[in-house]
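Numbering starts at 1 and runs along the sequence shown. Every value quoted in this text rests on a predicted model; they were computed, and no experiment measured them.
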Amino acid sequence: WRELLATQEIKEEMLWGLFIEDLRVLRNEIYARKGRVFKDKELQKYFAAQPWYQPNPDFKDEMLSEREFKNLALIREAEEVAISKMIKVEG
């Protein structure tokens, strides 16, 4: 369902149970699908390994649709209350 992040409304319940690390990647995938080049080396490495990722050095936030902005906001809200994988592992 991840490729639908740009075109369909995601629902809060779709994000339930995801760790903060997963939500961060999911949120940044919206940018990556438009070609954003990431300053964070780990994110850049992750997305560069995706077959669909095409870097666009001219990327600007204005390239995102209203739907994408709404989905980004929902994912950010979920990140604020999500737990880390490390907390779950270290318990």
Side-chain angles (χ1 to χ4, degrees):
W1 60 270
R2 296 170 79 113
E3 51 280 344
L4 302 177
L5 290 169
T7 58
Q8 296 194 10
E9 176 183 5
I10 58 172
K11 304 285 186 199
E12 188 177 334
E13 54 269 14
M14 295 169 79
L15 305 175
W16 290 348
L18 294 179
F19 292 109
I20 194 167
E21 294 87 354
D22 299 322
L23 290 165
R24 180 175 184 246
V25 170
L26 188 64
R27 177 173 47 84
N28 281 289
E29 186 168 324
I30 294 172
Y31 295 109
R33 288 189 178 274
K34 298 288 186 178
R36 181 182 199 171
V37 177
F38 296 91
K39 293 177 185 171
D40 181 291
K41 290 180 179 161
E42 288 302 312
L43 279 176
Q44 185 60 38
K45 181 179 173 183
Y46 174 81
F47 289 116
Q50 304 306 311
W52 48 262
Y53 178 69
Q54 295 294 317
N56 176 5
D58 297 323
F59 169 83
K60 292 182 179 25
D61 284 355
E62 296 80 40
M63 299 168 119
L64 300 174
S65 69
E66 184 177 338
R67 168 60 47 221
E68 289 166 317
F69 277 116
K70 287 180 179 179
N71 287 344
L72 283 166
L74 189 64
I75 296 167
R76 274 194 196 99
E77 287 176 20
E79 281 181 276
E80 290 176 13
V81 296
I83 63 168
S84 170
K85 287 180 183 177
M86 297 309 291
I87 291 172
K88 187 74 172 175
V89 169
E90 295 174 1

For Leu74 against Lys11, the heavy-atom pair lying closest together: CD2-C, 3.8 Å
Less than 4.5 Å apart, side chain to side chain, heavy atoms only: is that true for [X] and [Y]?
X: Gln50; Y: Tyr46; answer: yes
X: Leu64; Y: Leu72; answer: yes
X: Arg27; Y: Leu23; answer: no
X: Arg67; Y: Gln8; answer: no
X: Tyr53; Y: Gln44; answer: yes

To the nearest 0.5 Å, how far apart are [atom1] in [X] and [atom2] in [Y]?
X: Ser84; Y: Arg24; atom1: OG; atom2: CZ; result: 11.5 Å
X: Ile30; Y: Ile75; atom1: CD1; atom2: CD1; result: 4.0 Å
X: Glu9; Y: Met14; atom1: CD; atom2: CE; result: 9.5 Å
X: Asn28; Y: Phe38; atom1: CG; atom2: CZ; result: 4.5 Å

Take Glu80 and Arg76 through the salt bridge (Lys or Arg N to Asp or Glu O under 4.0 Å) test and state the conclusion after the steps. CA-CA 6 Å; Glu80 290 176 13; Arg76 274 194 196 99; over 6 Å; no
Shared hydrophobic cluster for [X] and [Y] (ILVMFWY, side-chain gaps under 4.5 Å):
X: Ile10; Y: Leu18; value: yes
X: Val25; Y: Val37; value: yes
X: Leu43; Y: Trp52; value: yes

Step-by-step side-chain contact (heavy atoms from CB on, under 4.5 Å) determination, Met63 to Asn56: CA-CA 11 Å; Met63 299 168 119; Asn56 176 5; 3.5 Å; yes
Output yes when Glu68 and Arg33 qualify as a salt bridge under the 4.0 Å nitrogen-oxygen rule, no when they do not.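 No salt bridge links Glu68 with Arg33.
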What verdict does the side-chain contact (heavy atoms from CB on, under 4.5 Å) test give for Leu26 and Leu15, after you've listed the backbone C-alpha separation in whole Å, the side-chain angles of each residue and the deciding distance to 0.1 Å? CA-CA 10 Å; Leu26 188 64; Leu15 305 175; 3.6 Å; yes
Would you call the rings of Tyr31 and Phe59 parallel, tilted or perpendicular if under 30° counts as parallel and over 60° as perpendicular? perpendicular
Looking at Glu66, I want to see if its CD is surrounded by more than 12 non-hydrogen atoms of other residues, nucleotides or ligands under 6.0 Å.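 Not more than 12 within 6.0 Å, no.
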